[in-house]
Amino acid sequence: MLARDTASTGLGIDVHDVAPGRARATMRVGAGMLNGHGTCHGGYVFLLADTAFAAACNSHGTTTVAAGADIVFAAPVHGGDLLVATATERTRYGRNGVYDVTVARDDGAVVAEFRGRSRELPRRVEGR
């Protein structure tokens with residue numbers, strides 16, 4: 001899945017430390033990611049968190065998609081900042097899951113908190 005994620009790789013997002021229910025993703029904020037206030041557009045922060053979430057919820061080997069997500073922006077992000085998104089599984093029940101992602105600068109300052117809800121897709125039957 002990650003190898004085909006051109007949206008994330010096109011922004012320079014690097015996914016690593018993937019383990020069952022966990023993942024980490026990093027992104028350097030470029031000048032083209034800044035909004036009219038001169039800070040990073042929240043959509044890029046959300047995309048980074050969503051990428052870590054996707055890696056974590058797909059780490060169990062089943063095809064899993066987002067059912068919903070929320071984000072709280074806690075601090076501004078500036079050009080040149082290196083962001084680290086750490087995703088952690090909170091619970092899985094049936095085909096559903098809940099994941100928390102903390103997005104921080106590389107100095108540890110938290111800039112956003114994301115909660116994602118996942119849904120495993122039914123397994124496909126060959127020929128359908």
Derivation and outcome, side-chain contact (heavy atoms from CB on, under 4.5 Å), residues Ile13 and Leu47: CA-CA 9 Å; Ile13 294 174; Leu47 193 147; 3.3 Å; yes
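- The pair Asp14-Arg24 does not count as a salt bridge, with every side-chain nitrogen at least 4.0 angstrom from each carboxylate oxygen.
- In this structure, Thr63 contributes its side chain and Leu121 its backbone to no donor-acceptor pair below 3.5 Å.
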Steps toward side-chain contact (heavy atoms from CB on, under 4.5 Å) verdict (Leu83, Val29): CA-CA 7 Å; Leu83 299 181; Val29 177; 3.9 Å; yes
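- Nearest heavy-atom pair, Ala69 versus Phe114, reported as atom, atom and distance to 0.1 Å: CB-CZ, 3.5 Å.
- Side-chain atoms of Asp81 come within 3.5 Å of backbone atoms of His78 as a donor-acceptor pair (strictly under, hydrogens ignored).
- The minimum heavy-atom distance linking Gly80 with Arg28 is given by the pair O-NH1, 2.7 Å.
- Using modelled atom types and a 3.5 Å distance limit, the side chains of Thr64 and Ser118 yield no donor-acceptor pair.
- Looking at heavy atoms from C-beta onward, Pro122 lies in side-chain contact with Arg95 at the 4.5 angstrom threshold.
- No salt bridge links Arg115 with Asp70; every basic N to acidic carboxylate O contact stays at or beyond 4.0 Å.
- Between Thr51 and Asp5, some side-chain heavy-atom pair lies under the 4.5 Å cut-off.
- Between the side chain of His41 and the main chain of Gly43, a donor-acceptor pair closer than 3.5 Å is present.
- Side-chain contact of Thr102 with Glu113: a donor-acceptor pair under 3.5 Å is present, judged by distance alone.
- With hydrogens and angles ignored, the 3.5 Å screen pairs no side-chain donor or acceptor of Arg90 with any backbone N or O of Tyr99.
- His16 NE2: more than 12 foreign heavy atoms inside a 6.0 Å radius.
- When all heavy atoms of Ala74 and Val110 are compared, the closest pair comes out as CB-O, 4.1 Å.
- Closest approach of Val18 and Ala55 over heavy atoms only: CG1-O, 4.1 Å.
- Between the side chain of Asp50 and the main chain of Phe53, no donor-acceptor pair closer than 3.5 Å is present.
- Of all heavy-atom pairs spanning Ala52 and Ala25, the tightest one is CB-CB, 4.1 Å.
- A chain of hydrophobic side-chain contacts below 4.5 Å, direct or via other Ile, Leu, Val, Met, Phe, Trp or Tyr residues, connects Leu11 to Val77.
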Residue pair Phe46, Val103: steps toward the side-chain contact (heavy atoms from CB on, under 4.5 Å) verdict: CA-CA 9 Å; Phe46 187 99; Val103 181; over 6 Å; no
His60 vs Glu89, side-chain hydrogen bond (donor to acceptor under 3.5 Å, both in side chains): CA-CA, chis, key distance, verdict: CA-CA 11 Å; His60 297 288; Glu89 182 178 278; 2.6 Å; yes
Residues Ile71, Val45; criterion side-chain contact (heavy atoms from CB on, under 4.5 Å); working and verdict: CA-CA 9 Å; Ile71 194 164; Val45 177; 4.3 Å; yes
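- Atom CZ of Arg22 has 12 or fewer neighbouring heavy atoms from other residues, nucleotides or ligands inside a 6.0 Å radius.
- Linking Ile, Leu, Val, Met, Phe, Trp and Tyr whenever their side-chain heavy atoms come within less than 4.5 Å leaves Val84 and Leu48 in two separate clusters.
- The two residues Pro76 and Val111 make their nearest non-hydrogen contact at O-CG1, 4.2 Å.
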